[in-house]
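Reading through the structure tokens given below for one structure.
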Amino acid sequence: MKNSILILLLLLCNFGFSQETEVKFDENLAKSLNADEYGMKKYVFCLLKSGTNTTASKEETKKLFEGHMANINKLAKEGKLVVAGPFMKNDRNYRGIYIFNVETVDEAKALVATDPAIKANLLEAELTPWYCTAALQETVKIHEKIAKTKM
């Protein structure tokens with residue numbers, strides 16, 4: 001009797017774990033995000049490093065970084081920038097990242113050229129093609145819903 005109950009429990013557990021959840025492919029959403037058949041797309045990853053300008057005054061640096069933040073917000077609103085953020089203190093001179101919603105490094109170079117901190121050589125940009133989920137583009141919309149205070 002105990003063996004019969006044990007076998008029944010094992011069968012029920014196996015049945016419960018073998019149930020696959022139905023994948024709900026949303027063709028319209030995939031098309032709107034320019035997703036390929038894997039739900040992925042091309043982006044350009046940008047690693048921001050400390051630049052060569054080490055002589056800027058505090059006032060000049062503050063003004064340039066205000067422009068840097070304004071540019072980030074502008075590019076995000078245009079849908080050209082899907083992720084941006086600073087690194088914590090590190091010994092590699094890494095300052096932050098951008099992920100551009102463009103397909104080519106040349107397109108990203110044009111966007112990087114609009115950043116005042118990069119133009120003034122406070123930051124240096126290293127660009128490389130990147131392949132990631134097309135859903136990454138939705139990050140900005142979600143962030144707006146969870147940020148109490150704007151940067």
Side-chain angles (χ1 to χ4, degrees), residues 12-151:
L12 287 172
C13 287
N14 188 36
F15 178 74
F17 288 123
S18 68
Q19 295 292 314
E20 290 187 28
T21 56
E22 185 180 335
V23 175
K24 306 256 184 190
F25 175 69
D26 185 333
E27 186 174 357
N28 291 332
L29 179 59
K31 283 182 181 178
S32 75
L33 297 174
N34 296 315
D36 65 15
E37 63 192 68
Y38 303 106
M40 308 279 279
K41 73 178 292 295
K42 293 178 188 176
Y43 297 93
V44 175
F45 180 90
C46 176
L47 178 63
L48 296 171
K49 300 187 262 185
S50 295
T52 57
N53 183 349
T54 57
T55 59
S57 68
K58 283 185 180 184
E59 296 81 27
E60 182 182 7
T61 299
K62 182 178 185 251
K63 184 177 178 185
L64 289 166
F65 274 99
E66 286 172 357
H68 169 75
M69 293 304 297
N71 193 57
I72 287 171
N73 288 322
K74 175 184 161 288
L75 292 174
K77 283 181 183 158
E78 292 173 355
K80 297 293 185 184
L81 186 63
V82 294
V83 172
F87 284 114
M88 300 304 177
K89 190 172 178 109
N90 63 80
D91 59 356
R92 295 188 178 125
N93 291 322
Y94 292 169
R95 301 290 297 276
I97 66 166
Y98 288 154
I99 298 176
F100 290 109
N101 190 15
V102 297
E103 290 199 10
T104 68
V105 169
D106 285 338
E107 290 173 282
K109 281 181 183 177
L111 298 173
V112 162
T114 65
D115 188 311
I118 292 172
K119 282 195 243 184
N121 294 317
L122 291 177
L123 297 173
E124 176 185 312
E126 186 177 299
L127 302 165
T128 190
W130 193 51
Y131 186 63
C132 183
T133 177
L136 188 62
Q137 299 167 81
E138 299 297 287
T139 303
V140 174
K141 292 177 192 167
I142 295 167
H143 181 77
E144 289 173 354
K145 294 178 181 179
I146 63 170
K148 259 187 176 178
T149 306
K150 302 274 184 205
M151 291 183 86

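Every value quoted in this text rests on a predicted model; they were computed, and no experiment measured them. All residue numbers in this chain count up from 1 along the given sequence.
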Q) Rounded to the nearest 0.5 Å, how far does CE of Met69 lie from NZ of Lys74? A) 14.5 Å
Q | Full working for side chain to side chain contact (heavy atoms under 4.5 Å, CB included) between Val105 and Phe100 | A | CA-CA 9 Å; Val105 169; Phe100 290 109; over 6 Å; no
Q) Under a 4.5 Å cut-off applied to non-hydrogen side-chain atoms, are Leu48 and Ile97 in contact? A) no
Q) How long is the span from the CD atom in Glu60 to the OG1 atom in Thr55, to the nearest 0.5 Å? A) 7.5 Å
Q: Search all heavy atoms of Ala125 against all heavy atoms of Ile118 and return the closest pair with its distance.
A: CB-CD1, 4.2 Å
Q | Backbone N/O of Leu33 and side chain of Gln137: donor-acceptor pair under 3.5 Å | A | yes
Q. Looking only at heavy atoms, which two atoms of Val82 and Thr139 are closest? And how far apart?
A. O-CB, 3.9 Å
(Q) If we ignore hydrogens and angles and just use 3.5 Å, is the side chain of Asn28 paired with the main-chain N or O of Ala30 as donor and acceptor? (A) no
(Q) Is the shortest side-chain heavy-atom distance between Val44 and Ile99 below 4.5 Å? (A) no
Q.
Quick check: do Tyr98 and Leu47 have side-chain heavy atoms less than 4.5 Å from each other?
A. no
Q: To the nearest 0.5 Å, tell me how far Cys132 SG sits from Lys41 NZ.
A: 9.5 Å
Q.
Would you say Asn34 and Lys42 are linked by a side-chain donor-acceptor pair, where the criterion is simply a distance under 3.5 Å?
A. no
(Q) Measuring only between side-chain heavy atoms, which start at C-beta, is Asp36 closer than 4.5 Å to Tyr131? (A) yes
(Q) Between Asn101 (side chain only) and Gly79 (backbone N and O only), is there a donor and an acceptor less than 3.5 Å apart? (A) yes
Q: Would you mind reporting whether Glu103 and Tyr43 have side-chain heavy atoms less than 4.5 Å apart?
A: no
Q: Check whether any side-chain heavy atom of Leu136 lies under 4.5 Å from a side-chain heavy atom of Trp130, and answer yes or no.
A: yes
Q. NZ/Lys49 to CD/Glu126 distance, rounded to the nearest 0.5 angstrom?
A. 4.0 Å
Q | Salt-bridge criterion met for Lys63 and Glu59 (N-O under 4.0 Å) | A | no
Q) Who passes salt bridge (charged side-chain N to carboxylate O under 4.0 Å, His left out) against Glu144, sequence neighbours left out? A) none
Q) Can you tell me how far the CD atom of Glu107 sits from the NZ atom of Lys80, to the nearest 0.5 Å? A) 6.5 Å
Q) Below 4.5 Å, heavy atoms only, C-beta onward: do Tyr38 and Thr133 meet side chain to side chain? A) no
Q: Give a yes or no on whether the backbone of Leu111 and the side-chain of Asp115 come within a donor-acceptor separation of less than 3.5 Å.
A: no
Q: State whether the side chain of Ser32 and the backbone N or O of Leu29 hold a donor-acceptor pair below 3.5 Å, judged by distance alone.
A: yes
Q: Apply side chain to side chain contact (heavy atoms under 4.5 Å, CB included) to the pair Leu64 and Lys119, showing each step before the final yes or no.
A: CA-CA 9 Å; Leu64 289 166; Lys119 282 195 243 184; over 6 Å; no
Q: May I have the step-by-step check of side chain to side chain contact (heavy atoms under 4.5 Å, CB included) for Ile72 and Leu81, ending in yes or no?
A: CA-CA 7 Å; Ile72 287 171; Leu81 186 63; 3.8 Å; yes
Q | Asn53 side-chain N/O to Ala120 backbone N/O, donor-acceptor pair under 3.5 Å | A | yes
Q: Answer yes or no: is there a side-chain heavy-atom contact under 4.5 Å between Lys62 and Lys58?
A: no
Q: Not counting sequence neighbours, which residues clear salt bridge (charged side-chain N to carboxylate O under 4.0 Å, His left out) with Glu138? List them please.
A: Lys141
